[in-house]
Each structure stands twice: as C-alpha cells, then as structure tokens.
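Scroll down for the structure; my scribbles are underneath it.
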Amino acid sequence: MLQLSNITAGYTKENMILKGINLSVGENEVVAIVGQNGSGKSTLAKSIMNLVPYINGEIIFDGNDVTNKDTAVISKSGIGFFLQGGRIFPNLTVEENIIFASEDLNKKDYTERLETIKTYFELFNNGRMNLQAS
C-alpha cells in the first residue's frame with residue numbers, strides 16, 4: 001500500500017537527513033517509526049507529504065506514484081500527516097480528537113477504527129482510557 005524506495009531528503013542539499021530509506025507498509029498493517037529526537041522521524045513523514053525539499057527516490061501509495069506530487073494531491077490520495085504533541089486542538093480529549101478525525105467515516109468504519117484505537121490504548125496505556133463507540 002505504501003512503498004518508499006531509496007528516499008533521500010533533507011532541508012538543504014548539503015544537509016540530507018534521510019539517506020536511502022526503504023520502507024514497505026502493507027494494507028491493514030500498522031508500522032511505528034520510533035527513535036530519539038533528531039533521528040529523522042518527522043523528516044520522513046514530511047518527505048512522504050512533500051513538505052521537505054530535495055526528495056530523491058520513489059513513493060508509491062496504493063499503486064500510484066506520489067513522488068514530488070503537490071501536498072494537497074498526496075492528502076487527497078489518502079495519506080495524512082499530523083503534528084506531534086497534540087497542540088492542534090489542545091482542549092479536546094483524545095476521544096474528541098478521534099471523533100473529529102473520523103467525521104467523514106461511515107458508522108461501521110468509525111466503530112471499527114475506534115475499537116482498534118481502544119485496543120492500542122489498552123496495550124500502551126494500561127487500560128486507563130475509556131473510549132466508546134457512539
């Protein structure tokens with residue numbers, strides 16, 4: 001579903017943060033990118049969305065080449081990007097943020113997404129979250 005081949009990206013030609021990144025994410029597969037501050041996680045996400053200049057390589061999403069496409073075109077193809085830290089809607093609860101982000105889903109897809117997220121929260125948050133499909 002998402003295939004990155006030999007991605008090289010950075011903020012200037014002299015300062016490439018990513019060098020030869022290859023990544024494959026299949027349909028219904030969940031992949032987490034983890035690392036220390038400054039290790040390139042945000043740069044990787046921004047390069048996929050064409051928010052970081054000087055991308056070399058190829059990005060294929062759902063069978064379509066989105067390499068160097070306009071960010072709006074990439075977004076409309078189904079790839080999303082969000083800022084780290086949850087500062088976009090700081091007064092919303094986690095559940096309210098999920099509801100807002102899932103607004104365009106039909107009831108079945110929304111319920112499935114919420115149940116999946118609830119499972120992750122139970123795994124990573126020791127079950128302290130109380131999310132319910134409405």
Side-chain angles (χ1 to χ4, degrees):
M1 181 159 217
L2 177 65
Q3 181 76 40
L4 280 61
S5 301
N6 199 32
I7 298 298
T8 300
Y11 298 94
T12 67
K13 288 182 180 179
E14 296 77 31
N15 187 21
M16 290 296 139
I17 306 299
L18 307 174
K19 298 174 184 170
I21 300 296
N22 295 295
L23 175 70
S24 180
V25 181
E27 189 169 349
N28 297 319
E29 185 176 16
V30 176
V31 174
I33 307 296
V34 296
Q36 296 177 335
N37 290 343
S39 64
K41 301 177 303 290
S42 294
T43 303
L44 177 62
K46 289 175 184 177
S47 69
I48 293 168
M49 297 299 296
N50 197 21
L51 294 170
V52 173
Y54 311 112
I55 297 176
N56 296 313
E58 184 177 59
I59 301 171
I60 305 295
F61 179 68
D62 211 13
N64 299 307
D65 186 347
V66 296
T67 312
N68 289 320
K69 299 286 185 196
D70 186 79
T71 301
V73 171
I74 296 169
S75 179
K76 286 179 182 176
S77 76
I79 299 175
F81 176 75
F82 60 91
L83 298 172
Q84 164 182 325
R87 294 180 209 110
I88 298 175
F89 302 111
N91 296 327
L92 296 181
T93 66
V94 171
E95 183 177 8
E96 289 167 336
N97 272 282
I98 293 167
I99 290 168
F100 180 79
S102 303
E103 213 171 54
D104 63 336
L105 296 176
N106 64 43
K107 178 73 172 174
K108 179 181 178 283
D109 291 341
Y110 168 75
T111 302
E112 288 175 5
R113 179 179 287 179
L114 195 58
E115 287 303 315
T116 299
I117 292 169
K118 181 180 175 184
T119 300
Y120 291 133
F121 275 117
E122 288 171 355
L123 288 172
F124 296 110
N125 219 14
N126 296 325
R128 292 186 302 231
M129 196 113 247
N130 184 20
L131 299 176
Q132 298 177 14
S134 51

Quiz item: Are I59 and N68 close enough, and set up right, to give a side chain to side chain contact (heavy atoms under 4.5 Å, CB included), and what steps lead you there?
Solution: CA-CA 8 Å; I59 301 171; N68 289 320; over 6 Å; no
Quiz prompt | Flag, side chain of N22 to backbone of N6, donor-acceptor distance under 3.5 Å | solution = yes
Quiz item: What heavy-atom pair brings V52 and A9 nearest, and what distance separates the two atoms?
Solution: CG1-CB, 4.2 Å
Quiz prompt | Shortest non-hydrogen separation from L44 to L18 and the atoms involved | solution = CA-CD1, 3.5 Å
For [X], check side-chain contact (heavy atoms from CB on, under 4.5 Å) against everything at least two apart and list the hits.
X: N15; value: T12, I17
X: Q3; value: S5, S24, I60
X: S39; value: K41
X: E29; value: V25, V31

Quiz item: Among all residues two or more places apart in sequence or in another chain, which pass the side-chain hydrogen bond (donor to acceptor under 3.5 Å, both in side chains) test with E58?
Solution: none
Self-check item: For D65, all residues meeting side-chain hydrogen bond (donor to acceptor under 3.5 Å, both in side chains), sequence neighbours excluded
Solution: T67
Quiz item: Is it true that I79 and I33 fall in one hydrophobic cluster, defined by side-chain heavy atoms closer than 4.5 Å?
Solution: yes
Practice problem: Any chance you could measure L23, atom CG, to I7, atom CD1, to the nearest 0.5 Å? | Solution: 9.5 Å
Quiz item: How many angstroms lie between atom CG of L4 and atom CD1 of I21, to the nearest 0.5 angstrom?
Solution: 8.5 Å
Exercise. Not counting sequence neighbours, list each pair that qualifies as a side-chain hydrogen bond (donor to acceptor under 3.5 Å, both in side chains) and has a residue in residues 69-79.
Key: none
